[in-house]
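Have a look at the structure below, then the notes.
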2 protein chains.
Amino acid sequence: MGKIRGLGYRATPQRLAVIEALASGRHQSVDEIQARCPGVGIVTIYRTLDLLCGSGLARRLDLGDGKPRYELAEDHHHHLICQSCGAISEFEDCPLEERLPREASDFEVSFHRLEVYGLCGGCRG
Amino acid sequence: MGKIRGLGYRATPQRLAVIEALASGRHQSVDEIQARCPGVGIVTIYRTLDLLCGSGLARRLDLGDGKPRYELAEDHHHHLICQSCGAISEFEDCPLEERLPREASDFEVSFHRLEVYGLCGGCRG
DNA sequence: CTTCTAATTGAAACGGTTTTTCAATAGCGG
DNA sequence: CCGCTATTGAAAAACCGTTTCAATTAGAAG
């Protein structure tokens, strides 16, 4: 991965492990990321996540359960969270791509988050 | 306030204090709420906030700084967060009121959150 | 390939926040 | 008013993330 190098940081195995962990799943908690990075200290995981989020390579999510979650900032999408089972899914069609700038006058919009809560198909029965 | 009673909970002075604190400001942190509830133990504040959020009377916000914030769930609005100074403002015109249900098929939408990040007027200069 | 140096790692200690426990208190139905 | 049960709050515990600092290592330079 040259992404890290390109930003002026060293490409250590620990950092690559965290990036691979993020690439192998979606909206993962710190626990989940750590489980996919055996041998990497938790301190390094926190630091790497901060680094990635700070440089825009990753994104931090707050989906309402208090647990921060992380994902690579590859595409723009939003989350559907089931209030019953906690399942998280995603949808790509952002309903306000071109709609937002007009709403927010006197504010220079950089990005937005949208999370939709409700009941997933399985829990509706 | 009969709202609490109506839900089957006792209307204690502590709970009323927390509700009044929430009513006197917007998107407040636990610290701010506690400051407005002198004499109320922090444990009770946490428990009351959980109670209010669980019963739908209040809402918990995660605005990206890790600090949870709370507000009464009276009206539907969204937040503008300045990435430079951290100021939080609000806007009422929800750009996706009637747009959402169609987007999310096989998912029964209950509510949604939208947070817009960027630069406020003062920080743009 | 070897050397050198500054960036990086990780164990331990720390600090702040939230939860659990449990005895004491108090709301409210009867 | 009484009495039962929900609620409170102090203390302790659990949890989460950060800081510190000595040891290690990536990567540039020779």
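Every heavy atom of this structure was used, including side-chain atoms; hydrogens, water molecules and symmetry mates were not. For clarity, every value in this text was computed on a predicted model and none was experimentally measured. Chain letters run A, B, ... following the sequence lines, proteins first and then strands; every chain starts at 1.
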If you pin R60(B) and T48(A) to their nearest nucleotides in DNA chain C, which one's is more 5'?
-> T48(A)

Where the side chain of [X] is concerned, which of [options] is the nearest nucleotide?
X      : options                  : answer
Y9(B)  : dT7(D), dT19(D), dT17(C) : dT7(D)
R10(B) : dT8(D), dT25(D), dT7(D)  : dT7(D)
V43(B) : dG9(D), dA6(D), dA11(C)  : dG9(D)

Spacing of [X] atom [atom1] relative to [N] atom [atom2], expressed in whole Å:
X      : N       : atom1 : atom2 : answer
L7(A)  : dA7(C)  : CG    : P     : 16 Å
D50(B) : dT7(D)  : CG    : P     : 13 Å
I42(B) : dT20(C) : CD1   : P     : 15 Å
Y46(A) : dG17(D) : OH    : C1'   : 5 Å
K67(B) : dG15(C) : NZ    : P     : 19 Å
R47(B) : dT8(D)  : CZ    : P     : 7 Å
I45(A) : dC16(D) : CD1   : C1'   : 14 Å
L49(A) : dC16(D) : CG    : P     : 15 Å

Donor + acceptor pair across side chains of Q83(A), S110(B) (<3.5 Å) = yes

[X] vs [N]: side-chain N/O to OP1/OP2 distance below 4.0 Å:
X      : N       : result
R15(A) : dA7(C)  : no
Q14(A) : dA26(D) : no
T12(B) : dA26(C) : no

Is the backbone of G64(A) close enough, under 3.5 Å, to the side chain of D62(A) for a donor and an acceptor to pair up by distance?
-> no

Sidechain-backbone polar pair: Y117(A) side chain, L63(A) backbone, donor-acceptor under 3.5 Å =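 Yes.
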
What nucleic acid atoms does G8(B) come within less than 4.0 Å of, heavy atoms only: base, sugar-phosphate, or nothing?
->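 Nothing, no heavy atom under 4.0 Å.
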
Hits for salt bridge (charged side-chain N to carboxylate O under 4.0 Å, His left out) against R26(B), two or more places apart or cross-chain, chain-then-number order -> E90(B)

List, one per line, each side-chain donor-acceptor pair under 3.5 Å for residues 32-40 of chain A, sequence neighbours excluded.
{"residue": "E32(A)", "atom": "OE1", "partner": "S29(A)", "partner atom": "N", "Å": "2.8"}
{"residue": "E32(A)", "atom": "OE1", "partner": "S29(A)", "partner atom": "OG", "Å": "3.4"}
{"residue": "R36(A)", "atom": "NE", "partner": "Q28(A)", "partner atom": "OE1", "Å": "3.3"}
{"residue": "R36(A)", "atom": "NH1", "partner": "S24(A)", "partner atom": "O", "Å": "2.9"}
{"residue": "R36(A)", "atom": "NH1", "partner": "S24(A)", "partner atom": "OG", "Å": "2.3"}

